[in-house]
Amino acid sequence: MVRGKTQMRRIENATSRQVTFSKRRNGLLKKAFELSVLCDAQVALIVFSPRGKLYKFASSSMQEMIQRYRTHRKDVHNTLREQHLQQLKQEAIELMKKIELLEASKRKLLGEDLGSCTCEELQQIQQQLEQSLKRIRERKIQVFKEQIDQLKEKEKSLAAENEMLCEIREKIGQQARQESNEDREMVALTESSENSDVETELFIGPPEGRIKRTLTSLYI
């Protein structure tokens with residue numbers, strides 16, 4: 001009968017889990033022993049059960065195997081560290097070379113240390129400078145255009161504000177003129193009313209009556 005493939009997950013049943021641990025532990029120890037005998041290999045195996053019980057196998061002294069493992073691990077760590085340091089040193093050397101090349105190129109672009117340059121190198125430097133000047137001029141023109149556009153927008157904004165202020169001033173002037181006209185009309189109406197009262201008091205009745213009223217008022 002063909003056995004089914006075992007799923008790699010924790011066995012939930014405690015009894016089944018203990019039985020499986022015992023079988024596989026014995027098989028693992030047996031395989032370790034066979035590997036040490038058949039291949040003349042130094043093998044050390046340490047297993048702790050779920051309850052903390054220790055099971056071990058060593059083809060020689062377990063302490064010697066552990067010490068050998070620690071020494072090997074330390075050697076590997078030192079080797080990796082040394083390799084990393086060597087890599088860093090190499091990268092630093094390459095960076096220094098690149099910096100030197102950039103500094104030399106910078107001096108040549110500034111017109112310095114040109115005595116060792118060939119005609120082709122001088123031609124290349126000239127082309128680089130011409131390209132740089134071209135890009136600078138293009139950027140300068142772009143900046144000027146942006147500034148001109150900003151000034152135009154500012155001019156439009158100021159014109160709109162000026163127009164608004166003119167409208168407000170015109171409205172205020174119209175209102176002031178309207179109020180002035182109303183004031184003048186009120187003054188005219190008031191003066192007209194006072195003149196009407198005076199004339200009515202002076203010219204009512206015949207002249208004799210007016211003379212008598214005048215004399216009476218004098219005596220009083």
Side-chain angles (χ1 to χ4, degrees), residues 5 7-10 28 31-32 34-36 38-48 56-173:
K5 185 177 180 180
Q7 295 181 358
M8 289 294 103
R9 64 180 183 181
R10 181 177 181 274
L28 183 61
K31 291 293 183 182
E34 292 175 353
L35 180 63
S36 64
L38 295 176
C39 301
D40 193 21
Q42 294 186 357
V43 181
L45 176 65
I46 297 176
V47 180
F48 286 96
K56 62 181 180 178
F57 167 80
S59 57
S60 61
S61 172
M62 178 63 74
Q63 294 296 330
E64 292 179 358
M65 295 288 290
I66 293 174
Q67 185 61 36
R68 184 176 179 182
Y69 168 75
R70 290 176 177 174
T71 303
H72 176 74
R73 183 179 179 184
K74 184 177 180 180
D75 292 340
V76 171
H77 178 73
N78 292 334
T79 302
L80 293 175
R81 183 181 179 183
E82 186 65 25
Q83 291 177 355
H84 183 63
L85 290 175
Q86 291 296 331
Q87 183 179 0
L88 292 176
K89 289 180 180 179
Q90 187 64 29
E91 291 178 355
I93 293 172
E94 293 178 356
L95 287 175
M96 290 298 297
K97 291 180 179 179
K98 291 181 179 179
I99 291 172
E100 291 177 358
L101 291 174
L102 290 173
E103 289 291 338
S105 177
K106 178 183 176 181
R107 288 192 296 270
K108 291 177 180 179
L109 290 174
L110 293 174
E112 302 174 358
D113 298 340
L114 298 177
S116 61
C117 295
T118 63
C119 184
E120 294 180 355
E121 290 177 349
L122 292 173
Q123 184 68 24
Q124 184 178 3
I125 293 172
Q126 183 180 357
Q127 292 177 356
Q128 291 177 354
L129 290 173
E130 290 175 353
Q131 291 177 358
S132 298
L133 287 173
K134 182 180 178 181
R135 287 193 293 268
I136 291 171
R137 291 192 187 99
E138 291 176 352
R139 177 57 184 166
K140 186 177 179 181
I141 293 172
Q142 182 180 358
V143 171
F144 282 160
K145 289 182 178 179
E146 292 176 355
Q147 290 179 352
I148 291 171
D149 293 338
Q150 291 177 359
L151 290 174
K152 288 181 178 179
E153 291 295 329
K154 188 174 182 180
E155 182 182 4
K156 291 180 181 178
S157 177
L158 292 174
E161 290 180 2
N162 189 25
E163 184 178 357
M164 186 187 304
L165 291 173
C166 290
E167 292 178 356
I168 294 172
R169 185 171 57 186
E170 182 66 23
K171 289 180 180 179
I172 293 173

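Since the model is a prediction, treat every value here as computed from it, not as a measurement.
In this structure the side chain of Leu80 never reaches within 4.5 angstrom of the side chain of His84, judged on heavy atoms. Within the 4.5 Å cutoff, side-chain heavy atoms of Leu110 are placed close to those of Lys106. The shortest distance between side-chain heavy atoms of Glu64 and Gln42 does not fall below 4.5 Å. A heavy-atom distance below 4.5 Å is not found between the side chains of His77 and Lys74. Looking only at side-chain heavy atoms (C-beta outward), Arg73 and Val76 stay at 4.5 Å or farther from each other. Two residues are said to be in side-chain contact when any heavy atoms from C-beta on lie closer than 4.5 Å; Gln67 and Thr71 meet this criterion. Gln124 is not listed as a side-chain neighbour of Glu120, based on a closest heavy-atom distance of 4.5 Å or more.
Rounded to the nearest 0.5 Å, atoms OG (Ser132) and CZ (Arg137) are 10.5 Å apart. Atom CD of Glu163 sits about 8.0 Å away from atom SG of Cys166, to the nearest 0.5 Å. The line from CG of Leu129 to CD of Gln131 is 9.5 Å long, rounded to the nearest 0.5 Å.
Annotation: Asp149, atom CG; neighbour count of heavy atoms from other residues, nucleotides and ligands within 6.0 Å is above 12. Annotation for Glu155: atom CD does not count as buried by contact number, only 12 or fewer foreign heavy atoms lying within 6.0 Å.
Closest approach of Ser36 and Phe57 over heavy atoms only: OG-CZ, 3.8 Å. Of all non-hydrogen atoms in Leu45 and Met62, the two that sit nearest each other are O-CE, 4.0 Å. Of all heavy-atom pairs spanning Ser59 and Ala41, the tightest one is OG-O, 3.7 Å.
Side chains of Gln86 and Glu82: a donor on one and an acceptor on the other come within 3.5 Å.
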Item checked: Verdict with supporting geometry, Lys134 and Glu130, side chain to side chain contact (heavy atoms under 4.5 Å, CB included) -> CA-CA 6 Å; Lys134 182 180 178 181; Glu130 290 175 353; over 6 Å; no
Notebook entry, point to check: For Leu88 and Glu91, what are the C-alpha separation, side-chain angles and deciding distance, and is it a side chain to side chain contact (heavy atoms under 4.5 Å, CB included)?
Noted result: CA-CA 5 Å; Leu88 292 176; Glu91 291 178 355; 4.0 Å; yes
Check: Yes or no on side chain to side chain contact (heavy atoms under 4.5 Å, CB included) for Gln126 and Leu122, after CA distance, side-chain angles and deciding distance?
Finding: CA-CA 6 Å; Gln126 183 180 357; Leu122 292 173; over 6 Å; no
